[in-house]
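Worksheet: one structure, shown below.
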Protein chains: 2
Amino acid sequence: MITDSLIKFVPFSHDELNDILSHFEKECVQKNQVLIKEGQVCNKLYFVEQGIGRSYYLKKDGKEVTQWFFGVDNFMSSADSFFHQSPSFYYLEILEDSVLYSITKEKMDILLAKYHKMEKLIRLLSIEMFTKIVHKLNAVQFQTAKERYDYMLAEFPDISNRVPLGHIASYLGMTQETLSRIRNNVSS
Amino acid sequence: MITDSLIKFVPFSHDELNDILSHFEKECVQKNQVLIKEGQVCNKLYFVEQGIGRSYYLKKDGKEVTQWFFGVDNFMSSADSFFHQSPSFYYLEILEDSVLYSITKEKMDILLAKYHKMEKLIRLLSIEMFTKIVHKLNAVQFQTAKERYDYMLAEFPDISNRVPLGHIASYLGMTQETLSRIRNNVSS
DNA sequence: GTCTTCTTTTGACCTATATCAAAAAATGAA
DNA sequence: TTCATTTTTTGATATAGGTCAAAAGAAGAC
């Protein structure tokens, strides 16, 4: 639930929570829908109430590279694009029929200006995103393909078996052939 | 200068700036000094007024892996350890005689509670760190060794020739032999 | 200035994973 | 159910960059 996730970071009062939540909108989104395309400005921050999303970008050769997965109870956005209101480098896509809560950048700015605690929330959220991406970086940079897959299973236990193998392979920086072999314990 | 860097993010008043700066301490640190070791809680956030620092960690085989370089006008810390006051995964080391401004976590918390704008500053700083690490991740994950070195030259133009080659190689996820060959344009 | 230590370069060889190609399996539409 | 499409698996081969070893060069200590 979104309220629980908010309270987990900052102890908002009941009234504050109500005010904050009133700035969000519920959106039901179907599988395979693309929320943001490369080049567009991402004007919303989403909270995944139900379902799975991912961000990805296209390499020059046209291949998709998954950048991140967003599972239940996580905020989802093209962070840089949202906060700087700059063209997104990434696509945002929904991988299963999902229920999202979204807030626009304008409304977020209102909340950030109104509540000191809201700034704190987003600060803590940003630091958490940072920590997670550092974790991935360390996995991707210095581990074998097998170890990277183990990292994936630990970071996204509930997602690893619900999305196409190719998405996971590109997320981990390997080909899908390699990931397929890993899953089936084939040495070469 | 630290004041310019602060104002660049958030428009602090003169009085606010004075108050904030009074919470920092100037530290002159000599080359090769280690500010934080793995396992210690990083209690300070540093601003590099002059010099260069880096963060690194040790792999199980004992090899050092440079995680980040901190040049002039940048904040330096073991971010996760500082903000969560948890044991640092990284070492922080000074690579040239440097002038730093430091603030303790306690004093930072005072400022964060006192000034809404301070929360905003750290939020923006966190998002910037996030953006930079994502940039590195994309470089490391999908580019050739040569392209990764080009990324390094772009991200740290003033640093690339002042630190040992081995530090840069591990930062980029390659061996120093490979980086040496790249610098000398040897194909194999 | 000489010696020691640390850093960088060069060479030979090896391996993890990529690439290419095609078969097999799963999914979804009609 | 059948056909078309997408996803996954399997096999054969190639290669970027790793490993190991040693020489060359640079930097500090005395």
Side-chain angles (χ1 to χ4, degrees), chain A residues 30-34 52 54 56 58-66 69 91 93-97 138-153 159-188, chain B residues 30-34 52 54 56 58-66 69 91 93-97 138-153 159-188:
Chain A
Q30 288 197 315
K31 185 173 173 172
N32 295 327
Q33 210 165 305
V34 173
I52 301 181
R54 67 158 180 153
Y56 69 94
L58 296 181
K59 286 202 290 186
K60 317 102 228 162
D61 64 7
K63 280 184 190 153
E64 292 180 3
V65 173
T66 298
F69 292 104
Y91 292 77
E93 182 187 39
I94 294 300
L95 300 176
E96 288 183 356
D97 293 356
N138 291 147
V140 161
Q141 191 168 15
F142 293 105
Q143 295 181 197
T144 62
K146 171 80 173 73
E147 288 169 328
R148 273 177 275 160
Y149 183 57
D150 291 340
Y151 146 81
M152 166 82 196
L153 291 176
I159 289 180
S160 309
N161 285 310
R162 281 155 66 191
V163 303
L165 169 140
H167 290 358
I168 296 176
S170 72
Y171 173 80
L172 295 175
M174 65 184 76
T175 61
Q176 49 179 352
E177 291 94 327
T178 295
L179 180 53
S180 173
R181 285 186 243 262
I182 286 170
R183 277 194 168 164
N184 297 295
N185 292 308
V186 185
S187 44
S188 163
Chain B
Q30 288 197 315
K31 184 174 172 172
N32 294 328
Q33 210 165 305
V34 173
I52 301 180
R54 69 158 177 152
Y56 69 93
L58 296 181
K59 286 201 288 187
K60 316 104 228 158
D61 63 8
K63 281 184 189 155
E64 290 179 5
V65 173
T66 298
F69 292 105
Y91 292 77
E93 180 188 42
I94 294 301
L95 300 176
E96 288 183 354
D97 293 356
N138 290 147
V140 161
Q141 191 166 14
F142 293 105
Q143 296 182 197
T144 63
K146 172 79 174 74
E147 287 169 329
R148 273 178 274 162
Y149 184 56
D150 292 339
Y151 146 80
M152 166 82 195
L153 292 175
I159 288 180
S160 308
N161 285 309
R162 283 155 64 191
V163 303
L165 170 141
H167 290 359
I168 296 176
S170 72
Y171 173 79
L172 295 174
M174 64 184 76
T175 61
Q176 48 180 355
E177 292 94 326
T178 296
L179 181 53
S180 174
R181 285 186 244 264
I182 286 169
R183 278 194 168 164
N184 297 297
N185 292 309
V186 184
S187 43
S188 162

Checklist entry - Mind checking whether Tyr171(A) and Phe69(A) have parallel, tilted or perpendicular rings, split at 30° and 60°? => result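 Rings of Tyr171(A) and Phe69(A): tilted, as their planes differ by 30° to 60°.
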Checklist entry - Quick one: does Met152(A)'s side chain get under 4.5 Å of Ser160(A)'s, heavy atoms only? => result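 In short, these two side chains touch, coming nearer than 4.5 Å.
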Measure from the side-chain heavy atoms of [X] and tell me the nearest of [options].
X	options	result
Leu165(A)	dT9(D), dT10(D), dA12(C)	dT9(D)
Ala145(B)	dT8(D), dG17(D), dA12(D)	dG17(D)
Thr144(B)	dT17(C), dT10(C), dG17(D)	dG17(D)

Separation of atom [atom1] in [X] from atom [atom2] in [N], rounded to whole Å:
X	N	atom1	atom2	result
Ile168(A)	dT7(D)	CD1	C1'	13 Å
Asn184(B)	dT7(C)	CG	C1'	13 Å
Leu95(B)	dA27(D)	CG	P	16 Å
Met174(A)	dT15(C)	CE	P	21 Å
Leu179(A)	dT8(D)	CG	P	9 Å
Ile182(A)	dT10(D)	CD1	P	14 Å
His167(A)	dT7(D)	NE2	P	7 Å
Gln176(B)	dA22(D)	CD	P	17 Å

Checklist entry - Please walk me through it: do Ile52(A) and Arg162(A) pass side-chain contact (heavy atoms from CB on, under 4.5 Å)? => result CA-CA 9 Å; Ile52(A) 301 181; Arg162(A) 281 155 66 191; 3.5 Å; yes
Side-chain N or O of [X] less than 4.0 angstrom from OP1 or OP2 on [N]?
X	N	value
Arg148(A)	dT17(C)	yes
Thr175(A)	dA18(C)	yes
Ser180(B)	dT8(C)	no

Checklist entry - Which pair of non-hydrogen atoms, one from Leu179(B) and one from Leu165(B), has the smallest distance, and what is that distance? => result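 Smallest interatomic distance, heavy atoms only, reads CD2-O, 3.5 Å.
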Checklist entry - Taking for each residue the nucleotide of DNA chain D with the nearest heavy atom, is it Glu177(B) or Lys31(B) whose nucleotide lies nearer the 5' end? => result Glu177(B)
Checklist entry - Got a donor-acceptor contact below 3.5 angstrom from the Thr66(B) side chain to the Ile168(B) backbone? => result no
